[in-house]
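Read the structure below first, then the notes.
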Amino acid sequence: MKVLFVCSGGMSSAIVVNALKKEGEKKGQPLEVLAVGTQEFDSEVKNGWDVAMVAPQVKHRFDGFKASADEAGIPCGIIPAQAYSPLGGPALLKIITETVQK
């Protein structure tokens, strides 16, 4: 599964990307995860992603990200703050899987 993750940047984004990749490997679901900034999202979302996820730090801009994802034909969701941690891999994968299935 290809996951596009829009975030504000910084170490926490790298932690989420790594947690997702490791959890996907554990579950036998290899994930391709790309973290992009808010400025890159609109152009990157059109490049064949399975799902777009929004970090809690930028959820105030969710409607705009959702509109771009809808235009690209992919589901879009928000990662809740409580799942956004180095140990959040299982919760993150569950949220992403549920978003894709909607």
Side-chain angles (χ1 to χ4, degrees):
M1 181 179 349
K2 292 176 62 174
V3 180
L4 182 61
F5 174 58
V6 61
C7 56
S8 59
M11 272 308 289
S12 56
S13 300
I15 290 169
V16 168
V17 168
N18 287 333
L20 274 172
K21 286 182 176 182
K22 285 179 183 175
E23 189 62 24
E25 288 172 11
K26 282 187 212 172
K27 301 285 187 194
Q29 289 181 282
L31 299 175
E32 179 180 336
V33 184
L34 177 65
V36 295
T38 57
Q39 301 299 319
E40 294 85 19
F41 183 80
D42 285 341
S43 61
E44 186 60 48
V45 75
K46 298 171 184 150
N47 290 335
W49 297 94
D50 295 314
V51 63
M53 298 305 294
V54 177
Q57 298 92 328
V58 292
K59 71 180 180 182
H60 61 282
R61 296 183 55 191
F62 178 73
D63 291 342
F65 299 133
K66 175 98 170 86
S68 293
D70 286 348
E71 187 177 305
I74 63 171
C76 185
I78 298 174
I79 295 174
Q82 65 270 24
Y84 197 78
S85 75
L87 301 175
L92 289 168
L93 186 58
K94 181 180 180 204
I95 291 162
I96 289 168
T97 302
E98 289 171 355
T99 301
V100 169
Q101 293 172 350
K102 286 184 183 177

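A continuous path of hydrophobic side-chain contacts links Ile74 to Phe65 [ILVMFWY only; heavy atoms under 4.5 Å]. No path of Ile, Leu, Val, Met, Phe, Trp and Tyr side chains, each step under 4.5 Å between heavy atoms, connects Val51 with Leu34, placing them in separate hydrophobic clusters. Linking ILVMFWY side-chain heavy atoms closer than 4.5 Å, directly or via other members, places Ile96 and Phe5 in a single hydrophobic cluster. Both Val36 and Phe62 are assigned to one and the same hydrophobic cluster, defined by single-linkage of ILVMFWY side chains at heavy-atom distances under 4.5 Å.
Pairing each heavy atom of Ala81 with each of Pro56, the nearest pair is CA-CG, 3.8 Å. Nearest approach of Pro75 to Thr99, heavy atoms of both residues: CB-O, 3.5 Å.
Contact of the Thr38 side chain with the Val6 side chain is registered, since non-hydrogen atoms from C-beta on lie closer than 4.5 Å. Between Leu93 and Leu31, some side-chain heavy-atom pair lies under the 4.5 Å cut-off. For the pair Asp70 and Cys76, the minimum side-chain heavy-atom distance is 4.5 Å or more.
The number of heavy-atom neighbours closer than 6.0 Å to CD of Glu40, taken from other residues, nucleotides and ligands shown, is above 12. Remark: Lys27 NZ is loosely packed, at most 12 non-hydrogen atoms of other residues, nucleotides or ligands lying under 6.0 Å away.
Partner of Met53 under the side-chain contact (heavy atoms from CB on, under 4.5 Å) criterion, chosen from Val16, Leu4, Ile79, Ile78: Ile79. When each of Val3, Val33, Leu20 is tested with Leu92 by the rule side-chain contact (heavy atoms from CB on, under 4.5 Å), just one qualifies, namely Leu20.
Considering NZ of Lys21 and CG of Asn18, their distance stands at 7.0 Å, rounded to 0.5 Å. Here the OG-CZ distance, from Ser8 to Arg61, works out to 11.0 Å after rounding to the nearest 0.5 Å.
Checking side-chain atoms of Trp49 against main-chain N and O of Ala69 turns up no donor-acceptor pair under 3.5 Å.
Ion pairing of Lys22 with Glu25 is absent here, as no side-chain N (NZ or NE/NH1/NH2) approaches a carboxylate O to less than 4.0 Å.
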